[in-house]
Structures are given as structure tokens and as C-alpha cells.
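Notes follow the structure.
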Amino acid sequence: MEQTIHSMPRIGDLAPQFEIATTHGTLRLEDYKGSWLILFSHPADFTPVCTTEFMAFANLYDEFKKRNTELLGLSIDSVYSHIAWVRNIEEKMGVKIKFPVIADLNKEVASLYGMMMPGESKTETSRAVFVIDPDQKIRAIIYYPLATGRNMDEILRLIDALQTHDKYKVATPANWRPGDDVIVPPPNTQEMAEQRVKEKYEIKDWYFAKKKL
Ligand code: BEZ
């Protein structure tokens, strides 16, 4: 079987720059400097799973905005198709799509970000999510296959976790929700380990300490 190697940006890389047509006019990645950005692709307009995803993102739009986070969709469809689809979602489902959608007809951004999964589809982008921070660094990447809709609550939770990490220099445990205890980074010297066990944290062992924020 022929093997194709596709380069794609990774967590910690600067997000690749682009300038591209969207349903809100031409946009550049640079326009988002200073905000968090969820850049996400969907396979195609006028498909049911994608429609549920757009409605789920739209329902959380104000929550993302409260967190200084913008949404930017993408698929390999024309701007006219995007316009018709988002108008259809508003008319038939009563949900207004307030975020822009990239018309990536030449697969320009899809190729830059490695959003295509040719083994699954050569004509549609996979369900990729790139979380880009205010300095335009990629902070998280999620990929889902064509047939599985994503969990937008999890994407919002991820933003909360990343922002909590940046603000308080702590990590967050499995299934963490805002308000839950956070993880104190483990000590990395013997002296710090000895100090750690004397702290008023909830300590399971010298490397495993939680605290309230
Ligand atoms: C959908 O969004 O419904 C869909 C898109 C591509 C493949 C399968 C399902």
C-alpha cells in the first residue's frame, strides 16, 4: 500500500498564517491576534451531522465569547454554499450562525493545517479542531472522523482548562470542570518534594497534590 506523509502543525507550533474568503468577507489568521480561536473544519455543507455541530457551536457561542474565544469554521465548499446553508439552518432550525465560515475551495488552509484524511475521504475535510491562543500558538488539536459529531461542551471545557493553566500555572485532572480542584505541578527536586509534603494541599503522595483555586 502506498504511504503518504502529510505534514501538519503540532501543539506548540505557531499556527500557519492564511488570508481567505469567508462568509464574513476576507479574513486573515492575524486578525485574531489577542483572542483565542477555535478553527474547526467540517466535511461538507448541507449534511446532517455537520448541521448538528453548527447548531451546537451556535448554542455555546456566547459562552465562547465570554472566554475571549472566537469560532471560525471551514469546509471545501463555496462561500455561496456556506451562505445558503447557514441561512437554511436559521430558517429551518431557528438557529443563527454568528461565526464566519471559510470557503476553502482550493484546500489551501485544509492543507496547511492537515485537515484532510485522504484514507477516509479525498474530497472532504475531517472534523478537525485547532485551539489557537492569543499569541497564535497551537495549544490543542482534536480530530474526529466523518461519521461522529464532536462534543462542543468538551471544546468549551478545554478552553477553560487551558485558560486556567495559563492563569494559575496548574494542571487539570481527568474530567475536570471549573470549580473542581486542580493539580499542583509535581516537585522536581528532592528538596521541593520534602517541602511539598508539608504544604496544606490535598496530598496523596509527594508527586500527587491537588488544591482549590
Ligand atoms: C454529516 O455531516 O452528516 C456527514 C458528513 C460526511 C460523512 C458522513 C456524515
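As the structure lists them, so they are numbered: ligands from 1, and atoms in each ligand from 1. Keep in mind that the numbers below use all heavy atoms, side chains included, and drop hydrogens, waters and symmetry copies. What you are looking at is a predicted structure, and each value in this text was computed from that prediction instead of being measured.
Taking atom 9 (C) of ligand 1 as the reference point, the nearest protein heavy-atom neighbour is Leu146 O, 3.9 Å. Among protein heavy atoms, atom 2 (O) of ligand 1 sits closest to Cys50 N, 2.9 Å.
From Thr125, atom OG1 reaches atom CD of Glu120 across 11.0 Å, with rounding to the nearest 0.5 Å. Residue Met116 holds its CE atom at 8.0 Å from CD of Glu124, rounded to the nearest 0.5 Å.
For Phe130, the ring pair (Phe, Tyr, Trp, His ring centres under 6.0 Å) partners are Tyr113, not counting sequence neighbours.
Put simply, part of Arg127 is less than 4.0 Å from ligand 1, judged by heavy atoms. Using 4.0 Å as the threshold, Ala44 has no heavy atom nearer than that to any atom of ligand 1.
No N or O atom of Pro43 sits closer than 3.5 Å to an N or O atom of ligand 1. Of the N or O atoms in Glu124, none lie within a sub-3.5 Å distance of an N or O in ligand 1.
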Give the table of side-chain donor-acceptor pairs shorter than 3.5 Å for residues 200-213, with sequence neighbours excluded, one pair per line with atom names and distance.
unit_1 : atom_1 : unit_2 : atom_2 : d
Glu202 : OE2    : Lys204 : NZ     : 3.2
Lys212 : NZ     : Asp181 : OD1    : 3.1

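Classification of Glu63 and Arg67 as a salt-bridged pair holds, one side-chain N sitting under 4.0 Å from a carboxylate O.
Around atom 1 (C) of ligand 1, the closest heavy atom drawn from Thr125, Val49, Thr51, Thr148 belongs to Val49.
Ring to ring, Tyr144 and Phe40 are not that close: their centroids are 6.0 angstrom or more apart.
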